[in-house]
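Every chain is numbered from 1, with letters handed out A, B, ... down the list of sequences.
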Protein chains: 2
Amino acid sequence: MRSVGQKAELLRVIAHPARLRILEELTKGVKCVSDFEEFLEISQPNISQHLSLLRSHGIIDYYMDGRLRCYFLIDPVIPDILELLGKDYPEALPAPACCPVTKRGKYPGERRR
Amino acid sequence: MRSVGQKAELLRVIAHPARLRILEELTKGVKCVSDFEEFLEISQPNISQHLSLLRSHGIIDYYMDGRLRCYFLIDPVIPDILELLGKDYPEALPAPACCPVTKRGKYPGERRR
DNA sequence: TAAAAATATAATAATATTTGAATGTATGAC
DNA sequence: GTCATACATTCAAATATTATTATATTTTTA
């Protein structure tokens, strides 16, 4: 069970366009750094920095293959989150029945409904 | 369909402990600012700032009831994300079949497997 | 109409994130 | 052993986020 702080931390770490694209690619399979260089328009050191951040938070890992570093996903919540983000929600949530009582509902005076 | 930039933006906006707690409360129902004051240990102006950020990104909205501002959820992806974050994943993702070919797989020389 | 309650806004200071540039390291090819 | 490749690390500058303090706004009550 993740604490609310851990949840926020996880979201913060993946909440970046480059890191999201990296993670989207990794849901499809293993990729090495130079693979990412082909579709991310950022510098190689910057890619390494993003990969390093993801790895230090236990989201991805890698194995070595010669001089290639082959990265892959390890945190199972990631594919689920990415799927949700790609989902289309045609409707907003239903408006609340006007006007439910909040805890401060004992507020003095008449409610105007 | 959200762009990768929009996905990152959404995650960034909710990736904060106070905002996550606000959103968790709002999945249960309408709450006004002073309700949040009772369980968030942060100042009232700070709560207002978090609420304002969430609202400016179309995640929540409010209606007025006298001098109470009653906030509620409108973005339907939020309850789904919160549910995922609360879910327990006992297993890491399966390690990749060692060693799949990356795009740079044509790397000169023998692969050591 | 004056005071209080509920909340927002603005300005600022502290801190964290992001990127770029330069440099470092390990491996394989020759 | 030397060179090139693939990648990481470090540092610093630019930028963004966060929390605090003070003040403003709106509505309701007295």
>> Counting C-beta onward and ignoring hydrogens, is there a side-chain heavy-atom pair between B/V13 and B/S56 closer than 4.5 Å?
In response: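 No, too far: nothing below the 4.5 Å cut-off.
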> Is any side-chain N of the basic residue among B/E24 and A/K7 closer than 4.0 Å to the acidic one's carboxylate O?
Replying inline: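 Salt bridge between B/E24 and A/K7, a charged N being under 4.0 Å from a carboxylate O: yes.
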> Under a 4.0 Å N-O cut-off, is there an ion pair linking B/R2 with A/D88?
Replying inline: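 Between A/D88 and B/R2 there is no salt bridge, as every charged N stays at least 4.0 Å from the carboxylate O atoms.
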> What one-letter contact string describes nucleotides 12-17 of chain C from 5' to 3', where B marks a base within less than 4.0 Å of any protein heavy atom, S marks contact via sugar-phosphate atoms alone, and - marks no contact?
Replying inline: -----S
> For B/Y89 and A/D75, does a side-chain donor sit closer than 3.5 Å to a side-chain acceptor?
Replying inline: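 Distance-only check fails for B/Y89 and A/D75.
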>> For a quick check under 3.5 Å, do B/Y71 and B/D35 share a side-chain donor-acceptor pair by atom type?
In response: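 No donor-acceptor contact under 3.5 Å links the two side chains.
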> Rounded to whole angstroms, how far apart are CG on B/D61 and P on C/dA8?
Replying inline: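 Answer to the nearest Å: 12 Å.
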Can you find a side chain N or O atom of [X] that sits less than 4.0 Å from OP1 or OP2 on [N]?
X	N	answer
B/Y62	C/dA8	no
B/R69	C/dA8	yes
A/H50	C/dT19	yes

>> If you take any heavy atom closer than 4.0 Å to DNA chain D, which residues from residues 39-48 of chain B end up in contact?
In response: B/P45, B/N46
>> Quick check against the 3.5 Å criterion: does A/H57 have a side-chain atom that pairs as donor or acceptor with the backbone of A/I59?
In response: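 A pair under 3.5 Å: no.
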>> For the backbone of A/N46 and the side chain of A/S43, can you confirm whether one donor and one acceptor N or O come within less than 3.5 Å of each other?
In response: yes
>> With each end axis built from five pairs of C1' atoms, what bend angle do you get for the helix from C/dT1-D/dA30 to C/dC30-D/dG1? Round to 10°.
In response: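 That helix gives 20° between its end axes.
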